[in-house]
Amino acid sequence: MGLGDEVKDQLSFLGGFKLTFQHLTRPRVTTSYPDEKRAKQPRQHGRHVLNRYEDGMEKCIGCELCAGVCPADCIYVRGLDNPPDHPVSPGERYGYVYEINYLRCIHCDMCVEACPTEAITESKLFEFSFTNRSDAIYTKKELLVDDHGMPQKLPWEDWREGDDMMTSGWMRATAPSGNAAYEGEVQWSGELGYGVRAPEGGQSGHRDDELTGSKPLREILEPHLLAEDIPLAHRGMQGRVWRAKIGAEKNKKKMEAMRVRMNDLRAARKAAKSKAKGKA
């Protein structure tokens with residue numbers, strides 16, 4: 001063993017710092033939840049909604065297929081004949097009673113797949129909790145979107161921007177029967193308040209990251225994407241510099257926010273002291 005080999009062997013422990021040095025130039029992944037949240041997956045399975053057509057009529061026809069296919073037996077549906085003077089849905093029947101017991105629901109989305117009219121879909125909302133059993137059983141009044149097509153927002157639900165988007169996009173992305181040729185093609189009808197939603201693109205070249213809202217998600221999940229899906233500016237040394245800039249910007253914003261809080265605290269303390277002196 002030569003002198004160079006001995007020195008190399010003595011300094012081999014530095015190889016253990018390789019991963020540490022690599023992460024020094026990467027932005028922190030810690031987020032200040034719940035004030036700050038990461039982008040949600042395009043196929044996020046959240047709380048269900050009952051949709052309407054663009055003319056305001058309900059999509060549910062009371063066929064009970066969703067209740068029949070549900071493996072957790074958490075859906076209860078009863079249909080009723082449409083009143084001839086004021087029909088609720090375009091079909092002969094409509095969903096008169098519709099209930100979902102979220103104490104049993106496993107969010108498998110089989111009900112979404114089974115629905116022939118795309119009436120029931122899932123939003124991206126998954127942060128909701130209950131203080132009693134009755135709140136966990138959602139009725140049609142709570143599930144049905146309002147007159148503007150927006151989901152009902154209940155007091156115990158933490159709705160954020162974008163949670164109501166792409167509620168039906170995921171389950172039609174590779175339809176029918178999982179054929180990838182249908183990926184990127186619109187496979188569902190228009191919805192009140194949203195019109196015809198942009199198709200989810202997945203891995204195909206048909207995708208529109210701007211319309212589907214998946215652009216910020218792709219930036220977060222770059223390590224898990226294919227090489228061709230990652231911009232050249234985000235690869236290699238360029239990518240490290242880009243990530244370092246993002247991290248520096250985040251740290252700068254945090255320091256500025258902390259500086260503002262400290263100044264406010266000092267001002268409050270001065271005001272309290274002057275007030276105490278005035279009373280004395």
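These values consider heavy atoms only, across backbone and side chains, with no hydrogens, waters or symmetry-generated copies. This chain uses plain numbering: 1 for the first residue, then up along the sequence. Note that the structure is predicted; figures quoted are calculated from it, not measured.
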Looking only at atom types and distance, does a side-chain atom of [X] sit under 3.5 Å from a main-chain N or O of [Y], one as donor and one as acceptor?
{"X": "H148", "Y": "G193", "answer": "no"}
{"X": "N82", "Y": "V88", "answer": "yes"}
{"X": "R93", "Y": "G79", "answer": "yes"}
{"X": "N51", "Y": "A119", "answer": "yes"}
{"X": "R47", "Y": "E122", "answer": "no"}

Item to check | Point-to-point distance, once rounded to the nearest 0.5 Å, from CE of M258 to NZ of K254 | outcome: 9.0 Å
Next on the checklist: Just verifying a value: how many Å separate C66 SG and E113 CD, rounded to the nearest 0.5 Å?
Outcome noted: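 The CD atom of E113 is 13.0 Å from SG of C66, to the nearest 0.5 Å.
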Should we say atom [atom1] of [X] is surrounded by more than 12 heavy atoms from elsewhere, each under 6.0 Å from it?
{"X": "F17", "atom1": "CZ", "value": "no"}
{"X": "E256", "atom1": "CD", "value": "yes"}
{"X": "E92", "atom1": "CD", "value": "no"}

Does one hydrophobic cluster hold both [X] and [Y], with members joined at side-chain heavy-atom distances below 4.5 Å?
{"X": "I75", "Y": "Y138", "value": "yes"}
{"X": "I61", "Y": "L65", "value": "no"}
{"X": "I137", "Y": "W156", "value": "no"}
{"X": "L154", "Y": "I120", "value": "yes"}
{"X": "L80", "Y": "V97", "value": "yes"}

Salt-bridge contact [X]-[Y] (side-chain N to carboxylate O under 4.0 Å):
{"X": "D135", "Y": "R133", "result": "no"}
{"X": "E58", "Y": "K140", "result": "yes"}
{"X": "E64", "Y": "R78", "result": "yes"}

Checklist entry - Is K59 positioned over the aromatic face of Y53, cation under 6.0 angstrom from the ring centre and no more than 45 degrees off axis? => result yes
Checklist entry - So D81 and Y94, side-chain hydrogen bond (donor to acceptor under 3.5 Å, both in side chains) or not? Walk me through it. => result CA-CA 7 Å; D81 290 341; Y94 72 100; over 6 Å; no
Item to check | Y98/E142 under side-chain hydrogen bond (donor to acceptor under 3.5 Å, both in side chains): CA gap, chis, key distance, verdict | outcome: CA-CA 10 Å; Y98 204 110; E142 296 166 327; over 6 Å; no
Checklist entry - For the ring pair H48 and Y102, is the centre-to-centre distance below 6.0 Å? => result yes
Item to check | Aromatic ring proximity F128/F130, centre distance under 6.0 Å | outcome: yes
Item to check | side-chain contact (heavy atoms from CB on, under 4.5 Å) between D73 and R104, intermediate numbers included | outcome: CA-CA 8 Å; D73 197 23; R104 307 182 68 173; 4.2 Å; yes
Item to check | Side-chain heavy atoms of R52 within contact of L144, under 4.5 Å | outcome: yes
Checklist entry - Do L143 and I100 have side chains that get closer than 4.5 Å, going by heavy atoms? => result yes
Checklist entry - How far apart are the C-alpha atoms of D264 and R266, what are their side-chain angles, what is the distance that settles it, and do they pass the salt bridge (Lys or Arg N to Asp or Glu O under 4.0 Å) test? => result CA-CA 6 Å; D264 292 343; R266 291 192 188 100; over 6 Å; no
